[in-house]
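Note sheet for the following structure.
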Amino acid sequence: LLITGICIADDGLQIYLPREIAINNESPTLGDIAIVRGEETLVQKAEILQMGRIASAGQKITIDRTVIVSSLAANGIPAAKVKFTGANEITISQKNIIITGKQLADKAIAYLTDNPPHPSICKYNLLRTPEDIILPGSDGNIKLTANFDGITNNQAKVIVSIICGDKEVKSLDVIFGLKYTCRKVSAATDLPAGTVLNTENTKIEKFISNLPEPAKWSAPYGMSVRRDVLMNSEIKLNMVENVKPDIVLKRNQSVLIKVDRLGLLVTAIGRTMQDGSAGELIKVQNLSSQKIIICRVKEDGTVEPVF
């Protein structure tokens, strides 16, 4: 009697051994790796014999005829009842599904693109490509899911999970460095110290930054520059100040002399002896005492004695 090219003895076993085979489980039996034919009770007994174990994903084990004969003999089937055809040895591996690092990274990037954690983010730099993931014996429906896990030290972390059927089999972190689109104010022309900024003497430019733009960023229009600024130079916040009121006192003008210290307020009426602007020192005559004192012109139009 011939079955698939294998001659079967009535009182023994015929074992056809392929050169290599991939199986779904990690503990192969003789029935998983070979075609076993012959006397029914012997076949049933032989097919369930364990033929080693695949310890890790991607591992291969090799079993030769001698190992199989020894295993059969240990279980009551003598070598005289066994006949082999096919290869002298078989290489056994496990059927695997490989999820590449690129697939994992692409899933994370797609998630961030659809769900940007900050509106000004313009670029995600993958800091490290994830390693390939081998799923041993997986033949179910595989899908990837992603979730945002926050920003720390200007790095965004996305958790990518591998789902097999309805079960999560593995998850890992994918880390990105972030780049932001920000704005800055530059001088459209040379600006002398004291120039009040407006839309004509400045320009707003975009640039790429490692940090996000401040939440309430605005151009410093209406403020003045503290020092000279060259054309095309960036105007930073520490380079500008509020415009001071143009307080000017004229000579022989009546003025309020005011001392306000430690909760004590003392006032007197005086007369200016010279012109002066806010912040300048001028001579003032106290009309009550007729004494001439040195005072500083204040922004509110009063003067304060300098002691």
Side-chain angles (χ1 to χ4, degrees), residues 1-107 128-145 160-174:
L1 177 62
L2 290 176
I3 298 180
T4 63
I6 303 175
C7 180
I8 300 178
D10 292 336
D11 59 348
L13 291 177
Q14 282 280 345
I15 299 176
Y16 173 76
L17 209 59
R19 291 187 181 277
E20 59 181 46
I21 192 170
I23 61 174
N24 287 323
N25 55 70
E26 61 185 22
S27 298
T29 64
L30 184 59
D32 291 329
I33 66 173
I35 299 175
V36 183
R37 296 289 186 265
E39 199 274 313
E40 185 174 352
T41 58
L42 294 181
V43 170
Q44 293 175 352
K45 193 174 182 180
E47 285 186 330
I48 63 174
L49 294 180
Q50 293 292 323
M51 292 287 108
R53 183 176 181 274
I54 299 174
S56 60
Q59 180 188 8
K60 295 182 179 181
I61 59 175
T62 300
I63 297 176
D64 59 22
R65 294 183 179 186
T66 302
V67 172
I68 297 174
V69 169
S70 298
S71 180
L72 290 170
N75 285 273
I77 304 176
K81 287 185 173 290
V82 181
K83 182 178 180 180
F84 284 94
T85 59
N88 290 323
E89 63 180 22
I90 180 173
T91 299
I92 307 167
S93 60
Q94 195 173 10
K95 289 182 179 178
N96 299 317
I97 291 179
I98 298 177
I99 309 296
T100 66
K102 184 178 184 305
Q103 287 176 289
L104 297 168
D106 287 347
K107 181 64 179 181
R128 183 173 62 86
T129 301
E131 295 182 357
D132 295 348
I133 302 297
I134 300 176
L135 302 179
S138 297
D139 55 3
N141 181 29
I142 301 293
K143 66 178 181 180
L144 302 179
T145 63
V160 179
S161 299
I162 303 172
I163 310 297
C164 182
D166 58 356
K167 180 181 178 182
E168 179 182 310
V169 295
K170 193 174 183 63
S171 65
L172 69 160
D173 298 339
V174 184

>> With side-chain contact (heavy atoms from CB on, under 4.5 Å) as the criterion, how do Ile92 and Asp32 come out once you've worked through the C-alpha distance, each side chain's angles and the decisive distance to 0.1 Å?
In response: CA-CA 10 Å; Ile92 307 167; Asp32 291 329; over 6 Å; no

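- To the nearest 0.5 Å, atom NZ of residue Lys170 and atom CG of residue Leu104 are 10.0 Å apart.
- For the pair Leu72/Ile15, a side-chain contact is recorded, criterion being any heavy-atom separation below 4.5 Å from C-beta on.
- To the nearest 0.5 Å, atoms CD1 (Ile162) and CD1 (Ile99) are separated by 5.5 Å.
- When the salt bridge (Lys or Arg N to Asp or Glu O under 4.0 Å) test is applied to Lys102, the partners found at least two apart in sequence or on another chain are Asp106.
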>> What verdict does the side-chain contact (heavy atoms from CB on, under 4.5 Å) test give for Gln50 and Thr29, after you've listed the backbone C-alpha separation in whole Å, the side-chain angles of each residue and the deciding distance to 0.1 Å?
In response: CA-CA 4 Å; Gln50 293 292 323; Thr29 64; 3.6 Å; yes

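- Taking every heavy atom of both residues into account, Gly101 and Asp132 meet most closely at N-OD1, 2.7 Å.
- Residues satisfying the side-chain hydrogen bond (donor to acceptor under 3.5 Å, both in side chains) test with Gln103, not counting sequence neighbours, are Thr100.
- A search for side-chain hydrogen bond (donor to acceptor under 3.5 Å, both in side chains) contacts involving Thr129 returns nothing, not counting sequence neighbours.
- For Glu26, the salt bridge (Lys or Arg N to Asp or Glu O under 4.0 Å) partners are Arg53, not counting sequence neighbours.
- Ile33 and Met51 make their closest contact through CD1-CG, 3.9 Å (heavy atoms, listed as atom of the first residue, atom of the second, distance).
- Note that CD1 of Ile133 is 12.0 Å distant from CD1 of Ile142, once rounded to the nearest 0.5 Å.
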>> Does Ser93 form a side-chain contact (heavy atoms from CB on, under 4.5 Å) with Glu20? I'd like the steps, not just the answer.
In response: CA-CA 8 Å; Ser93 60; Glu20 59 181 46; over 6 Å; no

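- Taking all atoms of both residues into account, the shortest heavy-atom contact from Pro78 to Gly76 is CD-O, 3.5 Å.
- Leu30 contributes atom CG, which lies 8.0 Å from atom CG of Leu17 (distance to the nearest 0.5 angstrom).
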Quick one: side chains of residues 62-70, donor-acceptor pairs under 3.5 Å with protein atoms, not counting sequence neighbours, listed by atom name and distance.
unit_1	atom_1	unit_2	atom_2	d
Asp64	OD1	Thr66	N	3.2
Asp64	OD1	Val67	N	3.0
Arg65	NE	Ala87	O	3.1
Arg65	NH2	Gly86	O	3.0
Arg65	NH2	Ala87	O	3.4
Ser70	OG	Thr66	O	3.0

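- Every residue two or more places apart in sequence or in another chain was checked for a side chain to side chain contact (heavy atoms under 4.5 Å, CB included) with Ala73, and none qualifies.
- Identified under the side-chain hydrogen bond (donor to acceptor under 3.5 Å, both in side chains) test for residues 40-49, with sequence neighbours left out: Glu39-Thr41, Glu40-Gln44.
- Across Pro28 and Gly52, no two heavy atoms sit closer than the pair CD-O, 3.4 Å.
- The structure places CD of Glu89 at 9.0 Å from CZ of Arg19, a figure rounded to the nearest 0.5 Å.
- Remark: Ile163 pairs with Lys143, Thr145, Ser161, Glu168 by the side chain to side chain contact (heavy atoms under 4.5 Å, CB included) rule, at least two apart or across chains.
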